K.L.:
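Pasting in a structure now, in structure tokens, and then I'll have a few things to ask.
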Protein chains: 2
Amino acid sequence: MSLAKPAFPAPDHDHGRCTAEALTHAEAVCEQRSQKFTPIRRQVLQALLSSHRPLGAYEVIDELAKSMPRPAPITVYRALDFLMANGLVHRIESRNAYLACAHDHDATSAVAFLICERCGLVGEVPAAPFAQGLNQAARSSGFAPRLSVVEITGTCTHCQTHA
Amino acid sequence: MSLAKPAFPAPDHDHGRCTAEALTHAEAVCEQRSQKFTPIRRQVLQALLSSHRPLGAYEVIDELAKSMPRPAPITVYRALDFLMANGLVHRIESRNAYLACAHDHDATSAVAFLICERCGLVGEVPAAPFAQGLNQAARSSGFAPRLSVVEITGTCTHCQTHA
DNA sequence: GAGATATTATAAGTAAGCTTACGATCTATC
DNA sequence: GATAGATCGTAAGCTTACTTATAATATCTC
Ligand SMILES: [Zn+2]
Ligand SMILES: [Zn+2]
Ligand SMILES: [Zn+2]
Ligand SMILES: [Zn+2]
């Protein structure tokens with residue numbers, strides 16, 4: 001509920017507002033970039049926003065099927081591609097799944113994901129604090145890093161206290 | 001060729017020796033743990049060792065099919081599970097693929113993977129130098145990290161110089 | 001309002017990743 | 001040498017992930 005969103009979604013956060021803000025943000029981003037935030041793109045984003053869990057493409061389809069004629073895979077993939085290209089959705093590599101980005105971070109700035117093994121929720125933290133160490137480790141091997149995937153599994157605060 | 005293996009496999013390294021050492025190491029590990037390094041497990045590891053590229057399960061099957069009756073998926077998955085459980089193989093999450101571990105690192109110590117976009121080779125670097133920063137970033141959100149997936153794509157030394 | 005461009009719908013298909021089920025064999029261990 | 005546990009073979013099937021291809025709309029531009 002605070003203005004600065006926490007890295008990990010609190011169980012008691014105002015998710016309605018959380019969703020609304022994300023949609024508003026998406027509209028703004030598309031406006032800014034002269035990109036069209038079409039109905040299907042909005043619906044896919046809404047499906048992902050329904051939780052802070054990453055959804056596989058077919059889970060998105062299932063989610064959408066609840067409120068519309070079941071979309072074809074290609075339809076969803078196109079929307080996901082669009083949303084990712086515009087920094088509105090992240091792909092969680094270790095899950096082959098997609099997560100709505102609830103933050104207003106720079107599209108180029110790297111993030112790390114915190115994946116709770118117990119409840120499945122996923123949070124984002126900025127990678128800036130440790131990105132340098134990461135890149136340095138790569139460069140010391142003569143490797144030129146371009147994109148880093150950092151996905152940390154563990155237990156979130158809430159699940160730790162409710163063991 | 002040096003004793004301390006480089007993080008990224010050099011194009012001119014003695015791969016025969018590299019493979020032989022990895023197999024010897026695997027034998028030793030299994031011996032130590034009273035685990036059986038059966039023929040199929042050895043063959044799967046050898047298939048992965050044939051390159052420093054991560055192979056998908058079906059690529060492993062294809063590789064094995066060259067020198068034996070085509071194994072069933074389950075056969076390969078069982079062997080992969082065994083090899084991973086014993087720290088002889090890593091799973092590259094961003095590729096859904098498996099990589100033979102050529103290093104003698106502690107099974108519990110985290111590693112990061114360097115994935116060359118051009119040649120597909122993958123190197124390992126110890127995550128120790130930046131693991132602390134990583135864990136701290138997670139803990140600052142009250143998150144208890146257990147396992148980190150760090151996969152860095154970019155360009156390896158060799159491919160940089162041979163643009 | 002004609003033509004170009006972007007987006008979506010429809011249909012079908014490919015292939016990877018992984019599992020379930022069950023019987024056979026092999027290997028300790030008593 | 002009987003029993004239990006581990007491993008492997010065989011067969012089949014399921015789900016997810018993603019693509020190709022083509023036709024239909026919608027939107028923009030002149
Ligand atoms: Zn984000
Ligand atoms: Zn949790
Ligand atoms: Zn390793
Ligand atoms: Zn390379």
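We name chains A, B, ... by the order of the sequence lines, and we start the count at 1 in each one. All values derive from a computational prediction rather than experimental measurement.
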K.L.:
Asn135(A) versus Gln132(A): any side-chain heavy-atom pair under 4.5 Å?
P.N.:
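They are not in contact (no side-chain heavy atoms under 4.5 Å apart), so the answer is no.
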
K.L.:
Provide the closest heavy-atom pair for Ala26(A) versus Phe37(A) in the form atom of the first, atom of the second, distance.
P.N.:
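Distance-wise, the nearest heavy atoms are CB-CZ, 3.8 Å.
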
K.L.:
Arg91(B) and Tyr98(B): which non-hydrogen atoms are nearest, and at how many Å?
P.N.:
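Nearest pair, atom of Arg91(B) first, then Tyr98(B): NH1-OH, 2.8 Å.
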
K.L.:
Write down the distance between CZ (Phe37(A)) and P (dT7(C)), rounded to a whole number of angstrom.
P.N.:
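The distance from CZ of Phe37(A) to P of dT7(C) comes to 14 Å, rounded to the nearest Å.
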
K.L.:
To the nearest angstrom, how far is Leu80(B) atom CG from dC8(D) atom P?
P.N.:
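After rounding, the gap between these two atoms is 12 Å.
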
K.L.:
Rounding to a whole Å, what distance do you find between Gln35(A):CD and dT27(D):P?
P.N.:
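Rounded to whole Å, this separation is 16 Å.
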
K.L.:
Among the clusters formed by ILVMFWY side chains lying less than 4.5 Å apart, do Val76(B) and Ile74(B) turn up in the same one?
P.N.:
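Different clusters: Val76(B) never reaches Ile74(B) through Ile, Leu, Val, Met, Phe, Trp or Tyr contacts under 4.5 Å.
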
K.L.:
Taking all atoms of both residues into account, what is the closest heavy-atom pair of Ala85(A) and Arg33(A), and its distance?
P.N.:
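Between these two residues, the closest heavy atoms are O-NH1, 3.6 Å.
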
K.L.:
Indicate whether OP1 or OP2 belonging to dC8(D) is found under 4.0 Å from a side-chain N or O atom of Arg41(B).
P.N.:
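Yes, such a contact exists.
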
K.L.:
Starting from C1' on dA26(D), measure out to CD1 on Ile40(A) and report it in whole angstrom.
P.N.:
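Value for this atom pair: 15 Å.
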
K.L.:
Between dT25(D) atom P and Lys36(A) atom NZ, what is the distance in whole Å?
P.N.:
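Going from NZ in Lys36(A) over to P in dT25(D) covers 17 Å.
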
K.L.:
Considering heavy-atom distances to DNA chain D, does Asn96(A) or Thr38(B) have its closest nucleotide positioned more toward the 5' end?
P.N.:
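First, find each residue's nearest nucleotide; the 5'-ward one identifies Thr38(B).
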
K.L.:
What pair of heavy atoms forms the shortest contact from Leu99(A) to Pro54(A), and how long is it?
P.N.:
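Between these two residues, the closest heavy atoms are CD1-N, 3.9 Å.
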
K.L.:
In residues 60-79 of chain A, which ones come under 4.0 Å of DNA chain D, going by heavy atoms?
P.N.:
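DNA chain D contact set from residues 60-79 of chain A: Pro73(A), Ile74(A), Tyr77(A).
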
K.L.:
If every non-hydrogen atom of Val89(A) is compared with every non-hydrogen atom of Ala100(A), which pair is closest and at what distance?
P.N.:
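Closest approach of Val89(A) to Ala100(A): CG2-CA, 4.2 Å.
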
K.L.:
Please find the pair of heavy atoms, one from Arg70(B) and one from Asp62(B), that lie closest to each other, and give the distance.
P.N.:
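Answer, listing the atom of Arg70(B) first, then Asp62(B): NH2-OD1, 2.5 Å.
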
K.L.:
Tell me: CZ of Arg42(B) to C1' of dC8(D), nearest whole Å?
P.N.:
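Atom CZ in Arg42(B) sits about 17 Å away from atom C1' in dC8(D).
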
K.L.:
Would you say that His52(A) contacts His13(A) through its side chain, given a criterion of any heavy-atom pair below 4.5 Å between the two side chains?
P.N.:
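With C-beta onward as the side chain, the pair touches.
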
K.L.:
Please list, in numerical order, the residues of residues 49-58 of chain A that have a heavy atom closer than 4.0 Å to any atom of DNA chain D.
P.N.:
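Nucleic-acid contacts, sorted: Gly56(A), Ala57(A), Tyr58(A).
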
K.L.:
Calculate the interatomic distance between Glu93(A) atom CD and dG17(C) atom P; express it in whole Å.
P.N.:
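Spelled out: CD on Glu93(A) to P on dG17(C) is 13 Å.
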
K.L.:
Is any side-chain nitrogen or oxygen of Arg95(A) closer than 4.0 Å to OP1 or OP2 of dA17(D)?
P.N.:
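The answer is no; no side-chain N or O of Arg95(A) sits under 4.0 Å from OP1 or OP2.
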
K.L.:
To the nearest Å, give me how far apart CD (Gln43(A)) and P (dT7(C)) are.
P.N.:
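Result: 16 Å.
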
K.L.:
Counting the atoms with a prime plus P, OP1 and OP2 as sugar-phosphate, which does Phe82(B) contact under 4.0 Å by heavy atoms, base, sugar-phosphate, or nothing?
P.N.:
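The answer is nothing, as Phe82(B) stays clear of every strand by at least 4.0 Å.
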
